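The residues of the chain are indexed from 1 along the displayed sequence. Note that the structure is predicted; figures quoted are calculated from it, not measured.
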Amino acid sequence: MLFENMQMACAAIRSNKLRSILTMLGIVIGIGSVISIVSIGDTMRAQFAGLYEDIGLTQAYVSTGYWVDDMRRSDYFTLDELERIKDTFGDEIAYIDSGAYEKADALYRRKKVKFEFTGIDYNYQEVQPVNMVYGRYLNQGDILGRKKNVVMDTDSAMELFGVENAVGKTFRTTLYQNTDDYTVVGVYKKKLNAFQALMMGGNRGNCSAFIPYTLLTWPNDWFYELHIFAAEDVELEPFFDRVQAYVARLHSRNPEDIYMYTAMDDMNAMDSVMGGLSMAVGGIAAISLLVGGIGIMNIMLVSVTERTREIGIRKALGARTRDVLIQFLTESAILSAFGGILGVAFGGGIVLLGGALLRLEVVIRPSIVLLAVSFSAVVGIFFGLYPASKAAKADPIQALRYE
């Protein structure tokens, strides 16, 4: 019986092709909007997760809380304390430095370019690998000797010197009111997809370079925060809690006075915001499904009116009220489900096309596709219920007299 009802429903839909297409249009747009918006949101979340993985999910910054009023000199770290923390936690720490950076103008001949100089230790490449294309990375001698050597990316080298291979070239800059010449000892290449380039604001006006972190702790070797990377096999939350407690004891503070900013917490907060925003916008887009549902109800009422005589003949030949109800509900559900399938193809196509143009790996969850198609069928049944009920309750005698 169900198969026969489906055949009859498909025949009715084919007999009014244009009307059926226009009726499904609302469902197609509604489902397509939901699929594309939710998928774009999921893709953005995946890209953000990829960004955080690139910068290191195991890293954290530790300092005395900005809310603490009675700042003391002992709240600052020293190089000796950095070594003590490194020795205390041993292999649990993959990398540690002062977290210091400084923004300054780099001068080469008559050209001036704004740079952000980040202080790093010689083993920073172990936690943040880069592809060295010219020269070398900073070594232990650079760090211990406080040598004014620099490693920068190819884009920054091109911006300042006009060539990528800037090894051996020098420039002048002022850090902490000390003006000196700095020598480029290495140049690395960083590859960014369209999303990463967008999030980082491109390269122009955002040149960056690595220098020995000991240059940014000079002359008194005090610094405000620690920059830590936990080892990959360490359970992050309890580890950072222990680091926070240790730093508090080191500085005669309570643990709640120590500020611990972790990449994992930041990523989770961003993921929560992106997920909520995606669902909210997707929910707004789903309102268009109601418009599509109303369109289905309208066309089904027209169909019932047009087929009044057919209904009368069927009931006169013994069709039960339930049979007529199921027939029209099936037609309504198929109309809506088919529109849902087209909507999935439409929304998925938009997302895949956008991903191909931006060279991004898109995320389309099968559960969302299944939910969208199922929901469209439910919409068709819900809005087709009244027209189907009206058809089922028709008086066969009155229906046979209908012209």
Might you work through the salt bridge (charged side-chain N to carboxylate O under 4.0 Å, His left out) test for D42 and R365, ending with a clear yes or no?
-> CA-CA 8 Å; D42 289 340; R365 284 184 286 164; 2.7 Å; yes
Indicate yes or no: at least one non-hydrogen side-chain atom of [X] is less than 4.5 angstrom from one of [Y].
| X | Y | result |
| --- | --- | --- |
| L226 | S98 | no |
| V324 | R320 | no |
| S208 | D153 | yes |
| E159 | D155 | no |
| R242 | F89 | yes |
| Y224 | M71 | yes |
| L175 | L216 | yes |
| W222 | R73 | yes |

Pairwise distance [atom1]([X]) to [atom2]([Y]) - rounded to 0.5 angstrom:
| X | Y | atom1 | atom2 | value |
| --- | --- | --- | --- | --- |
| L371 | S367 | CG | OG | 7.5 Å |
| F240 | M260 | CZ | CE | 6.5 Å |
| R19 | L335 | CZ | CG | 10.0 Å |
| W67 | D257 | CH2 | CG | 7.5 Å |

So, [X] side chain and [Y] main chain: donor-acceptor pair closer than 3.5 Å or not?
| X | Y | value |
| --- | --- | --- |
| S36 | G32 | yes |
| R146 | T214 | yes |
| D265 | T262 | no |
| Q244 | I258 | yes |

Would you say the side chains of T170 and Y182 form a donor-acceptor pair under 3.5 Å?
-> no
Do other residues, nucleotides or ligands put more than 12 heavy atoms under 6.0 Å from [X] [atom1]?
| X | atom1 | answer |
| --- | --- | --- |
| E83 | CD | yes |
| Y101 | OH | no |
| Y176 | OH | yes |
| F338 | CZ | no |
| K111 | NZ | yes |

Classify the angle between the aromatic ring planes of F223 and F77 as parallel (below 30°), tilted (30 to 60°) or perpendicular (above 60°).
->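 The rings of F223 and F77 lie parallel, inter-plane angle below 30°.
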Residues T58, L236; criterion side-chain contact (heavy atoms from CB on, under 4.5 Å); working and verdict = CA-CA 7 Å; T58 66; L236 295 180; 4.1 Å; yes
Going through the distances and angles, do M152 and F161 end up as a side-chain contact (heavy atoms from CB on, under 4.5 Å)?
-> CA-CA 12 Å; M152 63 176 62; F161 300 107; 4.1 Å; yes
Pairing of [X] and [Y] as salt bridge, 4.0 angstrom limit:
| X | Y | answer |
| --- | --- | --- |
| D181 | K148 | no |
| R84 | D87 | no |
| D97 | K86 | no |
| D75 | R253 | yes |
| D142 | R136 | yes |

Test log, rule side-chain contact (heavy atoms from CB on, under 4.5 Å), inputs L138 and N149 = CA-CA 7 Å; L138 296 178; N149 290 337; 4.1 Å; yes
Step by step, would you call E164 with K189 a side-chain contact (heavy atoms from CB on, under 4.5 Å)?
-> CA-CA 9 Å; E164 286 190 353; K189 182 78 172 179; 4.1 Å; yes
Over all atoms of both residues, closest heavy-atom pair of [X] and [Y]:
| X | Y | answer |
| --- | --- | --- |
| G293 | V379 | CA-CG1, 3.7 Å |
| I381 | A333 | CG1-CB, 3.7 Å |
| F239 | I93 | CZ-CG1, 3.8 Å |

Exercise answer: donor-acceptor pairs, residues 115-130 side-chain atoms, under 3.5 Å, sequence neighbours excluded:
{"from": "Q125", "atom 1": "NE2", "to": "V130", "atom 2": "O", "distance (Å)": "3.1"}
{"from": "Q128", "atom 1": "NE2", "to": "D54", "atom 2": "O", "distance (Å)": "3.1"}
{"from": "Q128", "atom 1": "NE2", "to": "I55", "atom 2": "O", "distance (Å)": "3.1"}

Please set out all donor-acceptor pairs under 3.5 angstrom arising from side-chain atoms of residues 344-354, sequence neighbours excluded.
none

